[in-house]
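Below is one structure, written out as structure tokens, with a few remarks after it.
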Amino acid sequence: LKEVEEAGLRRKKPKKNQSKPVASSEPIAPAPAPANDTPSVETPTHTLFLENLPLESTEMMLGMLFTQFQGFKEARLVPGKPGIALVEFASEPQATVALQGLQ
């Protein structure tokens, strides 16, 4: 104990007016689960989310790339989010084919 005191590692005494936790008999409600509105990679959808695109990418370039796949509807860049785009297909299976074809 003497060595600890000399090293300046003594336990601080609580202040007299310091509040202490109070036990409650009421049960604590669990925190609500965070809302996860973004679809996971496994969730099938007819819209593909593209990210990490070159900043020079245009909607026309994306359209030319995806027109080779059946069911292609439109490609749109997300305003204010450089390098991110959405590509829409007529159905989920058509979007899946395009996704697999470009990986």
Side-chain angles (χ1 to χ4, degrees):
L1 183 63
K2 185 177 180 184
E3 293 170 353
V4 172
E5 289 176 357
E6 289 174 2
L9 300 175
R10 281 189 280 171
R11 204 182 306 172
K12 293 182 180 179
K13 294 180 183 178
K15 295 179 183 177
K16 290 182 181 180
N17 293 334
Q18 188 174 7
S19 63
K20 295 180 182 179
V22 179
S24 174
S25 61
E26 295 180 31
I28 298 174
N36 188 1
D37 295 335
T38 56
S40 68
V41 175
E42 294 82 24
T43 304
T45 181
H46 69 281
T47 303
L48 299 181
F49 175 81
L50 309 179
E51 61 183 344
N52 298 323
L53 295 171
L55 298 178
E56 301 82 26
S57 299
T58 66
E59 290 179 357
M60 184 189 301
M61 290 176 179
L62 295 172
M64 290 171 54
L65 178 64
F66 285 97
T67 54
Q68 65 181 312
F69 297 102
Q70 188 176 2
F72 170 74
K73 284 187 164 183
E74 75 171 316
R76 40 187 201 276
L77 296 170
V78 177
K81 302 286 184 178
I84 297 178
L86 300 170
V87 180
E88 187 177 348
F89 285 85
S91 68
E92 177 271 322
Q94 292 168 333
T96 301
V97 168
L99 177 65
Q100 292 170 348
L102 292 175
Q103 285 187 344

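We use all heavy atoms of the structure for the numbers below, so side chains are in, but hydrogens, waters and symmetry mates are not.
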(message) Test of understanding: with side chain to side chain contact (heavy atoms under 4.5 Å, CB included), list the residues that count as partners of A75, not counting sequence neighbours.
(response)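 In terms of side chain to side chain contact (heavy atoms under 4.5 Å, CB included), with neighbours along the sequence ignored, A75 is linked to L62, F72, V87.
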(message) If you define the side chain from C-beta out and look only at heavy atoms, does anything of T47 sit under 4.5 Å from F89?
(response) no
(request) Search all heavy atoms of L55 against all heavy atoms of P82 and return the closest pair with its distance. (result) CD2-CB, 3.5 Å
(request) For residues F66 and L102, report the shortest heavy-atom separation together with the two atoms involved. (result) CE2-CD1, 3.3 Å
(message) According to side-chain hydrogen bond (donor to acceptor under 3.5 Å, both in side chains), does anything in residues 82-91 pair up with another residue at least two apart or in another chain? List the pairs.
(response) R76-E88, S91-Q94
(message) Checking T96 now: which residues fulfil side chain to side chain donor-acceptor pair (under 3.5 Å) with it, not counting sequence neighbours?
(response)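 Result, side chain to side chain donor-acceptor pair (under 3.5 Å) vs T96: E92.
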(request) Could you identify which residues cluster with I84, counting Ile, Leu, Val, Met, Phe, Trp and Tyr as linked when any side-chain heavy atoms lie under 4.5 Å apart, either directly or through a chain of such contacts? (result) F49, V78, L86
(request) Report the hydrophobic cluster partners of M61, with the cluster defined as I, L, V, M, F, W, Y residues connected by side-chain heavy atoms closer than 4.5 angstrom, directly or transitively. (result)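 Once heavy-atom contacts under 4.5 Å are chained together, M61 still belongs with nothing else.
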(message) Please determine whether the number of non-hydrogen atoms from other residues, nucleotides or ligands lying under 6.0 Å from atom CD of E74 exceeds 12.
(response)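 Correct, the count exceeds 12.
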(message) Can you pull out every salt bridge (Lys or Arg N to Asp or Glu O under 4.0 Å) where at least one residue sits in residues 46-71? Sequence neighbours excluded, please.
(response)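 Listed by first then second residue: nothing to list.
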